[in-house]
Structure formats: structure tokens, C-alpha cells
Number of protein chains: 2
Amino acid sequence: MDPNLVRTFMTVARLGSFSAAAAELGYTQSAVSQQIATLEADLGTPLLSRRPVAPTGAGERRLQHAGPLLLRIRAARADVRRVAAAPAHRLTLAAGPLALGPAVAARLARARVRLPRLTVTVRACAAGEAARLVAGGEAELGLVAGIAAPSDPLRLPDVGPLTATGAEEEPLVVALPDGHPLAGRAGLRLADLVDARWLRTPLCPLERLRDLAGDGFRAGLHYTGDDLRTVTSLVAAGHGLTLLPASAAPGVPLLAPRLVHRVELVHGALPPGPAADLAAALAPS
Amino acid sequence: MDPNLVRTFMTVARLGSFSAAAAELGYTQSAVSQQIATLEADLGTPLLSRRPVAPTGAGERRLQHAGPLLLRIRAARADVRRVAAAPAHRLTLAAGPLALGPAVAARLARARVRLPRLTVTVRACAAGEAARLVAGGEAELGLVAGIAAPSDPLRLPDVGPLTATGAEEEPLVVALPDGHPLAGRAGLRLADLVDARWLRTPLCPLERLRDLAGDGFRAGLHYTGDDLRTVTSLVAAGHGLTLLPASAAPGVPLLAPRLVHRVELVHGALPPGPAADLAAALAPS
DNA sequence: GGGATCCATCAGGAACGCTTATAGCACATG
DNA sequence: CATGTGCTATAAGCGTTCCTGATGGATCCC
């Protein structure tokens, strides 16, 4: 119910201790104990087992709700403040991995010429973070990238009424090791590669490929970062294949299914002003 | 911040009056005035213009967040209570329009034979309502239907950590008026029908078709209900075309793009028990 | 077994939020 | 133009809530 109680519960669960949570939140241990008791009474079921302190089944479930819930609350605050705030001449553009390619960069350059008083900060962020940063108000605009069918919108985490508009679509290529037998081809079909070994990276999630092209796509090395150079090096060394936008790395064009590297611009409420102008310039639609 | 304040704000905005909202919520007018003042102070901006009472720009934006936010809060409560509750022998299955077809019905029948002590209530609901009913705890299971590429998951409104599993996929047919020149064909391509007039109904949203097959799909009559007989009658009378699952009505099979009528079963946390058994029986995966 | 640590409980006090009462404002009416 | 009516804002009072500080009981470690 009360977001503060939820925050306390999250902290206790994370730290595994009422006392430590109290210290972190600036409460007394007694207050934390009472807050948890209130929450448990409200739901009619224990959320934490004591000694040691660990979430119960119901508590685990409650925790799964807690993060998105608090995010939405923050998003509502941030969105309203954005509407009410004076038009800003400084804004932050959160860009996920592979989201800021040549085409968007060029459009950004043109827009900055037209909007000389605007100071833009581009902030790199992890895959899936951009929408959260925009929702939470830490960035005014966000760029997210993903693999999709042409003009098919990306699936963004739902963190409130964000506007998402297509900003760029680019062909995909299959990145292959140097001496790979298929490296000379003029084009490849994904169906022919289901049995190959694939790199598992946030830049090219294998679950997405299975959604789009059926089962298969055995995972080789698992890389959790988002550095393009690392990925291309891993591919060259034969750890597995991956899909990349054509402008990012050399590779063999993907012919079928018809998939593209799609970039979308996401933003919340944008009152008329430089931020809205920039958004319009980045996502001409 | 406090959900109660948000609820008060929504009520005031809906009724256009502090006094009326106070009466409806069982507060005094003074309390409502103070609550709105608190909310505005917290956000640092007016949410309502007074005399007459109407939302400001920021208030409009806040209202857009309010509904989903309260829904998520309810969803969290309902989900946790579901985990903690004793295994129920009565449960409700919310079924959206066209979601409960022959295959699912047959599986439900088989499951009820195996689970004789289970009492099932099937509750029809509007398109898009099923997920909300499940999230809010009014139904344990939900069936939603939509048009999608084969094994492509549907896009459900994000109301919390719901599990969605494919329950059925069925070919689509194009429903045509009786004497339509294409009625005799063995199959049709959507691309050949972009310029036809289409019925606009929740059962076959034209935006979805445009997503999947490009622009076009001119809207003829707009029907807001979900009665299948009404839709087939409207089609027969020439008001427009529509897509339906093959089992629902006669029509010409849709050949391309490869789209299916997909049904998914959605549910929240299901502790072992009859509800989980039924879910497993309905969505064999 | 003794000490330390941790959570639950209790009592007291501060803070919050609602009610009652009243002031202030806009608009309609005579 | 004065007045009444209907609305919201503000002030004071008060009950409830929620936090603090102290204490008790349980568990773990030495």
C-alpha cells in the first residue's frame, strides 16, 4: 500500500536484516519491525521468515512487484514535473547499446545546428535501461535498439505512458569468424543458421531470435557487456555468431526472415520547447 | 505518492468538484482540499484549475498515470494473497472475446474430469479486460486472443508479473460478404486487401493489421462490441471485411502473411493446487 | 554457560490527517 | 450595486498514526 513500507521491505530483503535496513533508511530498528508487521498484517500473510531473515514465498512474489511499482511511482512524478518545468536548454539523451548509429547521429548534428542554445548530454546505458532512465526523469529522451520485423515496434518495458517512435531501421548482417565457410556468401538465411553456435549477448538476444525464427540458436559464450569491439573480437575468434546492424561491423547480409535493426526514440511528456524540437528532429515520422 | 491522494485526485477530476468528490469518498470537503494541496505541494505544480475545477496540463498527465498505477498496486496485493491463500476449489476463468474456442474448451472439459472437485466459473469480458481481471485478483486465469505471427507472443498490457503461455493457434480466415467476388477463392493474401474497406472492431483491430502488413485497411463501420454474430452479420451486409479464427465463421483462408489467431493463458502466481493443474492442462507447453 | 546480536513488544511523544468552523472568492439575482 | 448562494481555502482542535527509546526473549558464537 504505502510506498514507504514497500521500500522498507525491499531494503530488509536486500540486506537480510531489520537492523541494517533501519540504519540505511535512517529509522530505528523498532520502526522497521513495525513497518514490516504492518505490511504483513495488511496482506494477511508473513512476507519474511525471521532468523535468518529471508523472504517467504509470498514475500518473493511481493518483491517482484516492488521494483516496477516504485519505478512507476517515480515515473509519474518525473513526468508531471517535466510538464510543469520551464523549457530546459540542457537535456540528456540516454542511448542504449547500438542505438546511436550514423543516421541518428547525423540527425542529431543537424538538430543541434538549428538549436544552438541547446546543450545535449548523451548518456550511454545498458540494454533496457534507456526507457527506465527516461521514465524516471534522469533523461528527457532515450534511444533503444532491437531486432524486429520492418516497421514492427520494439517491445519496451512498460513503465508508464512513454511515447516511442521509430527513428531508424537498418539492415542486419551476420557477423562471422574470419575463415568461416559462409563468410564469402552474398547473403544468409537465419533458418540456415539455427544449428550454428551463437554468441549470447544483450546486443542480440537469442530468445528474440527464437521468437522470430523458431527454436535453435545454441548458446556458445555468454557475454554480458555491450562493448561492440569485444563482441566482434569474440566472433572473429570463433566463439559464436551474432547479428549486428550493417553499419556496426562487416558481415554477410541477412536475407530472411526480413528483420531489421530498429532504433526507437522514447520520451515522456514533452511540452513545446527545445526538447520537443529535438525529439521531432530525431524521429521524423 | 500516497495512493489515497491519487484516488482523491482522480475522483475530483472526474466529478469536477471538490465537494462532490468529498461526498463520494466519505470525506469532508476540507479534507479533499487539503489532500489536493498536499499532492500539488509534493509535485511543486498545480494539478487542478479552480472555478471551474478542471485538470491543468500537468494534472492531465498525472491522470494518465493514475489508473495503471492503482491497478499495479491492486495487482501486487492480489498476487501476494493468491500465493498465501489456501488452494481454492473454486476459480474464475476470464475469457476475452474469441478467446475460448473449441480446442481450449475441449481441454477445459478434460481437465474438469480429472479435477472433479474443482468448480470453474467462466467469465466473459471485453477485449483487454482479461489481463486486468487476473492482475486485480478477480479471476485466477485469463484467456486473451489476438492476431499474431505464429508463435509470436501477444502484446498484453503490462500490469505486473503475469505469466502468459500460448494455449492455441488457429488459422485465420477473411470473412467476406455473401456475393463478394473473392468469396470463391481458395485463399487470400492480406496485401491484396489493403485497399478494401474493413470493419473496425475490437476482434480484429486495424492498427494491428497495419503493424503486420503495412498501411491501408480503410475503416468502414466502427463496431465497439464483441458479439460474433453481430460482426458476421455486418460483414455479410457488406459493411466491411474482417479477420476471424477459422473455427468462428466461414471465410477464405488467409495465406500471407503467415498470421494466426493466437490464444494465450495468463495468470499470476499459482501455488501448487487445482488452479495450477488447470493452468497446466489448458496451456500444454 | 555467558555474552553478543537480533527481532518483537511496549510506552511515550511528535507528527500527521481528519473534522468542524470560518473566511474568501466568483457568480447570479433582485 | 448590494446581496445571497455555492464553491474552495484556511485555521484550530483533536484523534490517530508512526516513530523513538527501552526492554524482553530468542538464537548464535565463543
Side-chain angles (χ1 to χ4, degrees), chain A residues 1-60 62-63 66 69-70 73 76-77 80 84, chain B residues 1-60 62-63 66 69-70 73 76-77 80 84:
Chain A
M1 192 86 154
D2 182 353
N4 276 322
L5 299 189
V6 175
R7 190 186 52 152
T8 299
F9 171 55
M10 287 178 75
T11 309
V12 171
R14 175 165 52 84
L15 299 176
S17 157
F18 283 48
S19 316
E24 180 170 314
L25 296 172
Y27 288 127
T28 58
Q29 172 267 320
S30 172
V32 170
S33 181
Q34 290 175 58
Q35 287 187 8
I36 299 296
T38 301
L39 208 56
E40 292 180 329
D42 180 47
L43 293 170
T45 182
L47 295 173
L48 293 165
S49 63
R50 321 298 156 95
R51 256 178 270 275
V53 173
T56 62
E60 288 283 3
R62 189 67 191 77
L63 278 175
L69 187 58
L70 293 184
I73 290 173
R77 280 184 64 91
V80 170
Chain B
M1 192 86 154
D2 183 351
N4 277 321
L5 299 189
V6 174
R7 190 186 51 151
T8 299
F9 172 56
M10 287 177 75
T11 308
V12 172
R14 174 165 51 84
L15 298 177
S17 157
F18 283 49
S19 316
E24 180 169 316
L25 297 172
Y27 287 126
T28 59
Q29 172 268 320
S30 174
V32 170
S33 181
Q34 290 175 56
Q35 288 187 9
I36 299 296
T38 302
L39 208 55
E40 291 181 329
D42 179 47
L43 293 170
T45 183
L47 294 174
L48 293 167
S49 64
R50 322 297 157 96
R51 262 181 261 276
V53 173
T56 63
E60 288 282 4
R62 188 67 190 80
L63 278 177
L69 187 59
L70 293 185
I73 290 173
R77 279 186 65 89
V80 170

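To find a chain, count down the sequence lines: A is the first, B the second, and so on, and within it residues start at 1. Keep in mind the model is a prediction, meaning the values are calculated, not measured. Heavy atoms only: backbone and side chains are in, while hydrogens, waters and symmetry mates are out.
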Rounded to the Å, how far apart are L5(A) CG and dC18(D) P?
8 Å
Taken to the nearest whole Å, CG/L39(B) to C1'/dC16(C) is 16 Å
S17(A) side-chain proximity, nearest of dC7(C), dT19(C), dC7(D)
dC7(C)
To the nearest Å, give me how far apart CG (L25(B)) and C1' (dG17(C)) are.
15 Å
Rounded to the Å, how far apart are E40(B) CD and dT8(D) P?
13 Å
Regarding the side chain of Y27(B), the nearest nucleotide among dT20(D), dT19(C), dC7(C) is dT19(C)
Give a yes/no on whether any side-chain N or O of S19(A) is located under 4.0 angstrom from OP1 or OP2 of dC7(C).
yes
Report which part of the nucleic acid V53(A) touches: base, sugar-phosphate, or nothing (heavy-atom distance under 4.0 Å, all strands).
sugar-phosphate
Over all heavy atoms of both residues, which pair between L63(B) and A13(B) is shortest? Give the atoms and the distance, please.
CD1-CB, 3.7 Å
Minimum side-chain heavy-atom gap V12(A)-V53(A) below 4.5 Å
yes
Between I36(B) (CD1) and dC18(C) (P), how many Å, whole number?
11 Å
For the pair made of CZ in R50(B) and C1' in dG6(D), what is the distance, rounded to whole Å?
16 Å
CA sep, side-chain torsions, deciding dist, call: D2(B), Q35(B), side chain to side chain contact (heavy atoms under 4.5 Å, CB included)
CA-CA 10 Å; D2(B) 183 351; Q35(B) 288 187 9; over 6 Å; no
Assign each of P52(A) and Q29(A) the nucleotide of DNA chain D bearing its closest heavy atom; nearer the 5' end lies the nucleotide of Q29(A)
Less than 4.5 Å apart, any side-chain heavy atom of L69(A) and any of R62(A)?
yes
What integer distance in Å separates D2(A):CG from dG17(C):C1'?
14 Å
Quick one: does S30(A) reach the base of dT9(C) with a side-chain donor-acceptor pair under 3.5 Å?
yes
Proximity to the side chain of Q34(B) - top-ranked nucleotide from dA11(D), dA9(D), dT20(D)
dA11(D)
Residue pair L47(A) / I36(A), side-chain heavy-atom distance below 4.5 Å
no
Atom CZ of F18(A) and atom P of dT9(C) are separated, to the nearest Å, by 11 Å
